[in-house]
Amino acid sequence: MNANFPRAIVHFDGDAFFASVEQMMNYKLRGKPVITGGERGAATSLSYEAKKRGIHRGMRMSEIRIRCPEAVIVTSDYRSYGIYAHRMYSIVRTYTEKIEEYSIDECFADITGLDEKMGMPYEEIVMKIKDELEDSLGITFGVGLAPNKTLAKIASKANKPAGFTVIPLEKIKDFLEPLSIHSVWGLGGASGQHLAKLGADTAYLFAQKPDIWLTEHHFGKAYRDVWLELNGHFIKKLTLESLGPTDSIMSTRTFTPPSVSRSYIFSQLSKNVERACEKARNHNQKARGISFFLKTQEFTYHAVSIELTVPTADPTQVMGFIDKRFDEVYAEGVLYRASGVTLRGLISNESHMLDLFGEIQELASKGRSFQVVDTVNKKYGRQTMFLGSSLQALTTKKLSKGVKSSPIQKKTMILPCLGTVY
DNA sequence: TCTGGGGTCCTAGGACCC
DNA sequence: TCTGGGGTCCTAGGACCC
């Protein structure tokens, strides 16, 4: 066994991922400052050409146009980014099954023992994977090799773009000494502030604190896990197999411009409910609880959470519950900028529970009508069939795009509206 | 830096049960 | 009818992540 790598964990991180995918899909964009996020008016991802011109994430498009008139601003295309992400996972998966699909542009892989199997040092194996990723995707990756996830993340960030950094056990100190506590994975916000105040403002100073120090300051498991990993221990397991059921599903959307209209906001929420329920049905899951919120222009949240006696993924049902309690979060005259819904306590459709009132039966028959909805939507595009209560949200969107009469209308079947507002 | 959309994990505290 | 102590399950909400 390799003394420096009791476990060999690799972190792959796509460089400027969304912007890079855009450049790969459209060769005219290569070498140009590309910015994604056009639909929200602020930069989401930037090509390195754009970064060189002093543009940063979150910058307003209006400002970007002034600063960099040659900038190419595009609308986010998450479907394509997802396809590239999938290719990335499958290439890594040809080396090991132990892979965590951490996010759309990152993954972890556990290659422990592969050195002996392939008769190559870990460093060479990782270089080989990196080359293959870059050749077949046309995108560069920041890559880190370390004894655990926390250190692998630090490594992949160390040398951007297109870097490959190795942190063996014996070299940990060199990497942690200059590293601000805020850039450690998991200590980004208030917890980093807290640690810095207590004198641990670098990763190394935190790692050097004795165990008793953590106890005395009442640091919980989250801190302790990071602390152990900074000291070289393998604590955070990889989450394998990202397919399958999820724990919760949410759908939220900001509306531009913000609105005071009760009916408009209600229909926005209804649209979110449909999206979330559709996703739940695709996962073959039902929710045991729902919560919904409105977000004001001042960024305050007003939320209600509801427990369901019978699990459901039926938007008419869900909207029925929300309708009854909508006015607990909505206030007349207040300007709102976003709404959202979360389906909680998801269970798979197979695990049905018996109840006293036969509601299961009733829902089962409704469930069939939504199978029809999903089939139609798959064939003709999403939201071809939708709830009456979502109508205002959908038509407003079309009008704002300047589409007067869409051919979609012909295929549209409006289901009965449960909401009081139309 | 005035701020998309979608998640996960941890913890405190309540409900309920011996 | 009252009391204690201990355990498990569940949820809300906070913090953090990309």
Length of the line joining A/Met250:CE and B/dT8:P, which is rounded to integer Å:
8 Å

In whole angstrom, what separates A/Tyr81's OH from B/dG4's P?
17 Å

Looking at A/Tyr81 versus A/Tyr78, is the centre-to-centre ring distance below 6.0 Å?
yes

Side chain of A/Glu307: nearest nucleotide among B/dG6, C/dT11, C/dC18?
C/dT11

Do A/Tyr264 and A/Phe255 have ring centroids that are under 6.0 Å from one another?
yes

Of the options C/dC17, C/dT11, B/dC2, whose atoms approach the side-chain atoms of A/Arg60 most closely?
B/dC2

What is the distance, to the nearest angstrom, from the CD1 atom on A/Ile235 to the C1' atom on B/dC9?
16 Å

Atom CG of A/Leu187 and atom P of C/dC17 are separated, to the nearest Å, by 7 Å

Less than 4.0 angstrom from a charged side-chain N to a carboxylate O is my criterion; do A/Lys236 and A/Asp225 meet it?
no

Could you tell me whether A/Arg87 sits above the aromatic face of A/Tyr84, with NZ or CZ closer than 6.0 angstrom to the six-membered ring centre and within 45 degrees of the axis?
yes

Identify, between A/Asp225 and A/Arg337, the residue whose nearest nucleotide on DNA chain B lies closer to the 5' end.
A/Arg337

Face-to-face contact A/Phe299 to B/dC2 six-ring, under 5.5 Å, under 30°
no

Rounded distance in Å - NZ (A/Lys221) to P (C/dC16)
16 Å

Below 30° counts as parallel, above 60° as perpendicular, anything between as tilted: where do the rings of A/His86 and A/Tyr89 land?
perpendicular

When the distance from CG of A/Asp77 to P of B/dG5 is rounded to whole Å, what number comes out?
16 Å

Nearest whole Å is fine: how far is B/dG6 C1' from A/Glu278 CD?
16 Å

Report yes if the distance between the aromatic ring centroids of A/Tyr204 and A/Trp227 is under 6.0 Å, otherwise no.
no

Its glycosidic angle compared against 90° from 0, C/dC2 adopts the form anti

Starting at atom CD1 of A/Ile249, determine the distance to atom C1' of B/dG6, rounded to an integer number of angstrom.
11 Å

Between A/Arg224 and A/Glu229, does any side-chain N to carboxylate O distance fall below 4.0 Å?
no

Expected output check: what is the dot-bracket annotation of DNA chain B, where ( ) and [ ] are pairs inside the strand (brackets for crossing ones), | is paired with another strand, and pairs are Watson-Crick or G-U under 3.5 Å?
....||||||||||||||

Report the nucleotide, chosen from B/dT8, C/dA12, C/dC17, that has the shortest atom-to-atom distance to any side-chain atom of A/Asp247.
B/dT8

So, using ring pair (Phe, Tyr, Trp, His ring centres under 6.0 Å) as the criterion, who are the partners of A/Phe141 when residues are at least two apart?
none

Between B/dG4, B/dT3, B/dG6, which nucleotide gets closest to the side-chain atoms of A/Ser251?
B/dG6

Ring centre gap for A/Phe12 and A/Phe108 strictly below 6.0 Å
no

Which residue, A/Tyr78 or A/Gly220, contacts DNA chain B at a nucleotide closer to its 5' end, judged by nearest heavy atom?
A/Tyr78

Hey, can you pull the residues of residues 188-219 of chain A with a non-hydrogen atom under 4.0 angstrom from DNA chain C?
A/Gly188, A/Gly189, A/Ala190, A/Ser191

